[in-house]
Amino acid sequence: MNLYKIIGISTLSFLLACGSAESSKEKQTQDMNKVEKQISPINDPHSYAKPHEAVVKHLDWKAEVDFERKIILATATYTIENIKGVDTIYLDSRNLLIKEVGRDDHEGSLGYETHNKSDFLGTQIAIPITQATKEISIKYETTQGADALQFLDPVQTAGKKHPFLFTQSQAILARTWLPCQDGPGVRFTYEAEVKVPKGMLALMSASNPTAINDNGIYNFKMDQAVPSYLMALAVGNIAYQQIGEVTGVYAEPELIDAAAYEFAEMQNMVDTAEALYGEYRWGKYDVIVLPPSFPFGGMENPRLTFATPTIIAGDRSLTALIAHELAHSWSGNLVTNATWADIWLNEGFTVYFENRIMEEIYGKDFANMLAILSYQDLKEEIEWLKSEGREADTRLKVDLEGRDPDDGLTGIPYDKGYYLLRLIEETVGRERWDAFLKQYFNEYAFEVMTTKRFLAYLNAELLDEKPEWKEAIRVEEWVYETGLPDNCPKVSSTKFQAVEKQLTAWKGGQFARELETENWMTPEWLHFVRLLPDTMEFAQMQELDKAYGFTTIGNSEIQAAWFEKVIPNNYEASDAASKKFLIEVGRRKFLVPIYKAILKSAAGKERAEAIYQEARPNYHAVSRETLDKLLGYQQ
Ligand code: BES
Ligand code: ZN
């Protein structure tokens, strides 16, 4: 079945294109856009909606969060546009309990159909409409099958007194808590009224309150159209602290000071990002630090990034993640991947942008270290995908047809995407490239981008100018072919060379405590731990641990890298700490390699399964889904 999406029709650029005073180059571009911005149907294999026929433009969401039953009860009213004058509008849903459907031009409740299509895509809701229909409404409840939601018991929070709720909608989980046209190609504005138990605060990816009120009813407004994967809600005993002019941090009161200290550079990051690629368009930029079961490092929900507490290292050393989520305010939230197969347009651009922010704030040496770590990740990911028979997933443009987009999510769009953009920068020069990017974000703001459309734009606006640029970059090879092209930029770092020298000295018999590590920052430590031999004696690991305290270090990245190294070497001295980590932390990026390391150790499957049994109830569905497969877990 073919489903189509509309690329937003920009009336303004139509009108502009009709003006007469433009240069011929401008004219050419606008002509291209004129063609491109007309209906370019996009096949989104992960949505049952047909937004090119009838589309949701605005959502009015009235909801109540029931912590006793761990559900949300809601009524969603949608303002729609019946583009083609059709008799049905289609929405996505999954595991929702639909109570009643209504329509503004119809008395009483309305008949509707559901078509249950697949486990991960869920159920298509088909609602009859007429040419006169302006609004439809759905009264519904979420169920225990709402994979976007994680309801936490008080023990899973820092305060231990109040429950907590957060959502994670990307990629296709919004439909588990809100019937919607759940593809990244459909944007809508929204407003909401959310009722929560007294004494708790509710926050969304919208204009937000900053303090708990007396009645537990909160109102939200998002005037800029966003795709459904950016719908977000968090509820808990949450405090706020302002950081800069448009920035601030939310966290449980127990964590708020540590969070505010850690993210002190946030305003600087926003200012830096604006100086690079243009105005920050979303008003405020706040971060909420969630409880540790949050399955990702961060999620770029507009106006309110969701973040894991594992980046609170106490020394501000893991804040590249904030730069990353902030960068999505341009690459992703403003110019949005048209389908999940184009996700490199979101993530690759964001890693690139993140690195540029880090370079501005912490200097080129620091940014280059991050780039090399990204290269190491990339090499490893490609090897791993090949060994799994998934070489096709090493393409930037992936084929996700018939698969849950989450299963297709790898490090490739991030790191290979980053290196392609770095190659373009190195080839055409930073000045030209930055001007191009700035123009790209402006020109396609609030629109969707396909890989094809981006390549056409890149050629027309930049690469067509010099054939030698095209030859040097070979962009099609990067995007459509597997593996890593041989023109991948090589990054070198004197700081990493110094680390390698110390490591050689240690291998040659020098004591760990005598190594020159005084000024090392997190990337240097990560490089050191990653380069440790795959096979080590107990005494060697113990010596390193005594000198540097890796097993109980407060820096989650270093700690996880250490576990990955020593667990397969049966370093039992880290068992208690690794178990504690796996039980408390739900961040999938850490869990997967640590469980894999346990599987390689002598205690092997038995230990992995025993820990998983205990830890699993703490994990979000996204992490459970992946780990159930890794560990062959059956409910
Ligand atoms: N948008 C992603 C998270 C995501 C991607 C969720 C795809 C679901 C599907 C977010 O911006 C991200 O990339 N997070 C990374 C952080 C990073 C690379 C600094 C993470 O969670 O580790
Ligand atoms: Zn990202």
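In this text the structure is predicted, and so the values were computed from the model without any measurement. Values reported hereafter were calculated over all heavy atoms of this structure, with side chains retained and with hydrogens, waters and symmetry mates removed. In each ligand, atom 1 is the first atom listed, and ligand 1 is the first ligand listed.
- Applying the salt bridge (charged side-chain N to carboxylate O under 4.0 Å, His left out) test to every pair with at least one member in residues 326-342, sequence neighbours left out, gives these pairs: Asp342-Lys397.
- Within the structure, salt bridge (charged side-chain N to carboxylate O under 4.0 Å, His left out) pairs that include any residue of residues 381-391 comprise Arg390-Asp393 (at least two apart or interchain).
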Are any protein N/O atoms closer than 3.5 Å to the N/O atoms of ligand 1? If there are, list each pair with names and the distance to one decimal place.
from     : atom 1 : to     : atom 2 : distance (Å)
ligand 1 : 1 (N)  : Gln170 : OE1    : 2.7
ligand 1 : 1 (N)  : Glu300 : OE1    : 2.6
ligand 1 : 1 (N)  : Glu300 : OE2    : 3.2
ligand 1 : 1 (N)  : Glu347 : OE2    : 3.0
ligand 1 : 11 (O) : Glu300 : OE1    : 3.0
ligand 1 : 11 (O) : His324 : NE2    : 3.3
ligand 1 : 11 (O) : Glu325 : OE1    : 2.8
ligand 1 : 11 (O) : Glu325 : OE2    : 3.2
ligand 1 : 11 (O) : His328 : NE2    : 2.9
ligand 1 : 13 (O) : His324 : NE2    : 3.1
ligand 1 : 13 (O) : Glu347 : OE1    : 3.3
ligand 1 : 13 (O) : Tyr414 : OH     : 2.6
ligand 1 : 14 (N) : Gly298 : O      : 3.3
ligand 1 : 14 (N) : Glu325 : OE2    : 3.4
ligand 1 : 21 (O) : Gly297 : N      : 2.6
ligand 1 : 21 (O) : Gly298 : N      : 3.3

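- By the 4.0 Å N-to-carboxylate-O rule, Glu359 lies close enough to Arg430 to be salt-bridged with it.
- Here the Zn ion (ligand 2) is the vertex; the NE2 atom in His324 and the OE1 atom in Glu347 give an angle of 110° (to 10°).
- In this structure Asp223 satisfies the salt bridge (charged side-chain N to carboxylate O under 4.0 Å, His left out) test together with Lys221, sequence neighbours excluded.
- Taken from OH in Tyr277 to CH2 in Trp330, the straight-line distance is 11.0 Å, to the nearest 0.5 Å.
- With values rounded to the nearest 0.5 angstrom, Leu370 atom CG is found 10.0 Å from Ser493 atom OG.
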